[in-house]
Number of protein chains: 2
Amino acid sequence: MAGRIDRNRAAPDMRGSDLEELIGYNLKRAYVIVQADFRASLGKDGLAPRVFSALSLVVQFPHTTQSALARMLDIERSGLVAIVDELEERGYLARTAVPGDRRVQALVPTTAGRHAYADIIAKVHAHEERLFSGMTRSERQSLLDLLKKFRDLEGQS
Amino acid sequence: MAGRIDRNRAAPDMRGSDLEELIGYNLKRAYVIVQADFRASLGKDGLAPRVFSALSLVVQFPHTTQSALARMLDIERSGLVAIVDELEERGYLARTAVPGDRRVQALVPTTAGRHAYADIIAKVHAHEERLFSGMTRSERQSLLDLLKKFRDLEGQS
DNA sequence: TATTGTTATACTCTATAACTATA
DNA sequence: TATAGTTATAGAGTATAACAATA
């Protein structure tokens with residue numbers, strides 16, 4: 001093995017490649033890193049990102065309907081059912097009847113749900129704090145502002 | 001329906017919510033927008049983002065092995081098989097034997113593959129140009145730089 | 001023993017379509 | 001006719017484990 005080329009030990013240097021100069025590719029790679037750390041931070045039985053997002057909105061906007069929540073998260077109503085089921089099974093929210101329209105059910109956080117959310121959002125903030133500790137406060141704020149600006153321009157959401 | 005509350009017509013205003021201040025959530029929402037526009041730009045029979053990424057690297061780094069390519073993209077070797085299969089079926093690359101190590105097969109772009117890539121990368125650049133046209137050149141560069149800095153710090157990739 | 005490419009497999013996420021009950 | 005919630009279903013995308021060939 002003396003003359004063996006060390007071809008594959010580490011990822012080759014991709015600097016200057018087309019891919020590295022695309023915002024889309026960098027967004028994806030960054031998102032994969034953040035999501036993996038998010039999941040690790042909440043542990044094996046922790047909420048998945050999308051379930052956390054739904055809980056966050058239900059706690060902050062109680063009595064939202066499922067359709068409205070789906071619009072806020074920009075996912076299909078059908079996809080929200082399993083998410084709400086999980087949160088209901090965990091005892092974090094309840095589907096409650098709405099007087100005047102028997103089609104809809106308002107989503108109301110339970111006391112346990114609000115307490116759980118307080119714990120989880122603290123862990124999430126700690127996760128982002130740790131993960132972005134190599135960037136200055138100003139850099140993090142710029143990144144957040146640029147992402148929000150892009151969403152405002154393009155997403156109309 | 002006179003007194004009907006217009007509860008659900010548009011997505012409620014989420015400004016100031018916890019979610020909107022999380023980098024992770026904004027990264028995900030931004031990525032979903034970019035990916036959808038990427039796919040629309042390349043059309044129904046266009047390459048999926050990950051297939052495009054693989055083609056890009058094969059064109060720019062010919063004779064890479066599948067294992068090395070998987071490391072560059074940070075995906076599993078097993079997941080790369082279908083991607084390379086698709087590119088081979090489209091006639092964009094060939095698996096070629098490597099003298100000295102009969103386990104590996106170098107990935108070599110075909111002439112058709114290089115030409116197709118030239119067309120596709122032009123479409124991808126136009127897609128990003130259009131999608132980010134609401135942001136200044138300087139804002140786009142900042143976003144790219146911040147994403148790359150984060151990846152350099154955290155991804156070790 | 002370790003690595004390359006591969007297959008089999010399963011799990012998550014998401015979207016579409018259709019149903020029901022209500023409006 | 002239209003909407004809310006739901007179910008069924010299928011398609012991506014991705015990860016794990018195991019295997020044969022080769023080092």
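Owing to the predicted nature of the structure, the values given are computational and were not obtained by experimental measurement. Each chain gets a letter, A, B and so on, in the order the sequences are listed, and its residues count up from 1.
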Rounded off to whole Å, could you give me the [atom1]-to-[atom2] distance for the [X] and [N] pair?
X	N	atom1	atom2	value
A:E88	D:dG5	CD	P	13 Å
B:I75	D:dA12	CD1	P	16 Å
B:I83	C:dT6	CD1	C1'	14 Å
A:R77	D:dA2	CZ	P	14 Å
A:E86	C:dC13	CD	P	9 Å
B:R103	C:dT6	CZ	P	14 Å
A:R71	C:dA15	CZ	P	15 Å
B:D85	C:dA8	CG	C1'	15 Å

Report yes if the side chains of [X] and [Y] come closer than 4.5 Å at any heavy-atom pair, otherwise no.
X	Y	result
A:F52	B:L19	yes
A:M135	B:L146	yes
A:L47	A:L55	yes

Got a salt bridge between A:E129 and A:R140, using NZ or NE/NH1/NH2 to carboxylate O under 4.0 Å?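 A:R140 and A:E129: salt-bridged.
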Applying a 4.0 Å non-hydrogen cut-off, can you work out what A:E76 is touching in the nucleic acid: base, sugar-phosphate, or nothing?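 If one applies the 4.0 Å heavy-atom cut-off, A:E76 turns out to touch a base.
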Looking at [N], I'd like to know if its phosphate oxygens (OP1 or OP2) sit under 4.0 Å from a side-chain N or O belonging to [X].
X	N	result
B:R50	D:dT14	yes
B:R102	D:dA21	no
B:Q66	C:dT6	yes
A:R39	D:dT14	no
B:S67	C:dT3	no

Given DNA chain C, 5'-ward residue of the pair B:A106 and B:V32, judged by closest heavy atom: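 Of the two residues, B:A106 wins.
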Most 5' of A:S78 and A:A48 on DNA chain C, judged by nearest nucleotide: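 The 5'-side residue here is A:A48.
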Considering heavy-atom distances to DNA chain D, does A:Q105 or A:K28 have its closest nucleotide positioned more toward the 5' end?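 Mapping each residue to its closest nucleotide by heavy atoms, the 5'-most match is A:Q105.
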Indicate the ring-plane relationship of B:F38 and B:H127, choosing parallel, tilted or perpendicular according to the 30° and 60° boundaries.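 Ring orientation of B:F38 relative to B:H127: perpendicular.
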